[in-house]
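Comments concern the structure below.
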Amino acid sequence: MKVLMVAAEMVPYAKTGGLADVVGSLPLALKNDDMEIKCILPYYSMVEQSGVDVTAELIGIPVEMGNEKFTGNILRKKGADAVEVYFVQQHQFFAREGLYGTPAGDFPDNLKRFIFFSKVVLRFCELINFAPDIIHCHDWQAGLIPVYIKTLAKNKPVFRKTAIIFTIHNIAYQGLFDAAQFQLTDLPHSVFTVDGLEYWGNMNWLKAGINFSDYINTVSLKYSQEIQTPEFGYGMDGILRNRRHRLTGIINGVDYAVWNPETDKLIAANYSIQDLKGKKKCKADLLASFNLPKSAKDRPVLGIISRLAAQKGFDLLAEIIEHLMERNLIVVLLGTGEQIYHDLFQDIANRYPGKIGVKIAFDNQLAHKIEAGSDMFLMPSRYEPCGLNQIYSLKYGTIPIVHATGGLDDTVQAYDPNSGKGNGFKFYNYTAGAFLAAIDQALELYSRPDEWKKIILNGMQADFSWEKSALSYKALYELALGLATLK
Ligand code: ADP
């Protein structure tokens, strides 16, 4: 099977979010002797800064966009890797800081940048005579590719048998553009309809991806159901309900080569299901990292690592934080994001010394230390397509307390004292009261060490490796191929 993976981000070359992790890991997990996989993304300044060694594959590819003409190059990562990685180089569009914009807002030419990218990707297949069975498109930036394949490129021999998968990583980002720019796509006007890519008079590239692909998936089963409702759909719910028979969810895997307490080099001591002793050392080390008193080691430590944004449930945390400070526990928080939360948590840290450690930063090593050294992990997200930190927490024997939404609901099973099954705690109504009640339930169980240990071990046994998710993607590719040949 030949697969072309098209995305705007990929670890370790360019990343702003979870999309990059998926595109970095999934191809490696999919790869076997029957699979030929190529990945392609733009050659941003960030890619150049990553130090990847590249060679020119195709030079001076002409691209027309409306009345304008551009040229671009295809670079290939050097070396005999299992998965081939290609980059679309075009100085005017991609040689700049930032992937989609600056803190002041989106780049004004994003439409042109990603039309150009899409067109070069299709030309690339023709020029190297690569006939993909599957083109796997990710998020709005790749949303026009399915439209081109189903219209202008329909009769190109390389795409005769191609089926298209479209993965939605976060429905809130849709790629909305002014209708006046539609002519730059060079697409027929017949696609600018309510069943096509038109959305309230504008172009919507996410909608394009949804409507023109053979199969659509999101990064958890629960999220694939939630986005069909007005509450979570960000305006796409009706469109997704229309296509619900072609919509599924596959949970992201995590990289256990990086996130594993048995081998993690960034934590104070390693530990495993068989021998948990190291976790105590990690807790002491974590407390020291936050200048918290040694005596705090007998109290439960609640960890948080997050973008500080309302999506992540910080509105609820803000409501309950004073109540938490009255309880016999310690909170450690690592994050960056919205200024109101920076101010709020700095203020709490000043008022409750010795009870809460706050670091406003992006700090990978500290993130590992928090996963290893905490007893519980808080993730009250309002919505969460997949979420990674709760999955890391399970592996590190740190009990997640989560809002039952999206990937959080799919990966965390509420502990049931009767059966002894479950690996965490959940709350179902998105309210401060429900969140606090779930924490109190966890605190109650923490005071019973034998039972607590059972929950820890249940969590550490869970397997969210990429190998497992890759099998689901492989099955999805086969399904889409079958459906594409039916047409
Ligand atoms: P999202 O992609 O929505 O931000 P995820 O839970 O899917 O949320 O992934 C977040 C990733 O970013 C995790 O790997 C987490 O450890 C990391 N992360 C988030 N904030 C920080 C931070 N301040 N310092 C270090 N790592 C962070």
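As a basis for the values below, the full set of heavy atoms in this structure was taken, side chains included, without hydrogen atoms, waters or symmetry mates. As the structure lists them, so they are numbered: ligands from 1, and atoms in each ligand from 1.
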Distances only, to 0.1 Å: what are the N or O pairs between ligand 1 and the protein that fall under 3.5 Å?
residue, atom, partner, partner atom, Å
ligand 1, 3 (O), Arg307, NH2, 2.9
ligand 1, 3 (O), Lys312, NZ, 2.7
ligand 1, 4 (O), Arg307, NE, 2.9
ligand 1, 6 (O), Leu388, N, 3.0
ligand 1, 7 (O), Leu388, N, 3.4
ligand 1, 8 (O), Lys312, NZ, 3.0
ligand 1, 16 (O), Asn389, OD1, 3.1
ligand 1, 23 (N), Ala361, O, 2.7
ligand 1, 24 (N), Asp363, N, 2.9

Note to self: Looking at Tyr173, I want to see if its OH is surrounded by more than 12 non-hydrogen atoms of other residues, nucleotides or ligands under 6.0 Å.
What the structure shows: no
Check: Going by heavy atoms in the side chains, are Thr336 and Tyr341 under 4.5 Å from each other?
Finding: no
Item checked: Phe464 side chain near Leu394 side chain, heavy-atom distance below 4.5 Å -> yes
Notebook entry, point to check: When rounded to the nearest 0.5 angstrom, what is the spacing between CG in Leu240 and NZ in Lys207?
Noted result: 10.5 Å
Notebook entry, point to check: Can you name the ring pair (Phe, Tyr, Trp, His ring centres under 6.0 Å) partners of His169, sequence neighbours left out?
Noted result: His138
Next item on the list: With rounding to the nearest 0.5 Å, note down the distance linking CG in Leu266 to CD in Glu371.
Entry: 12.5 Å
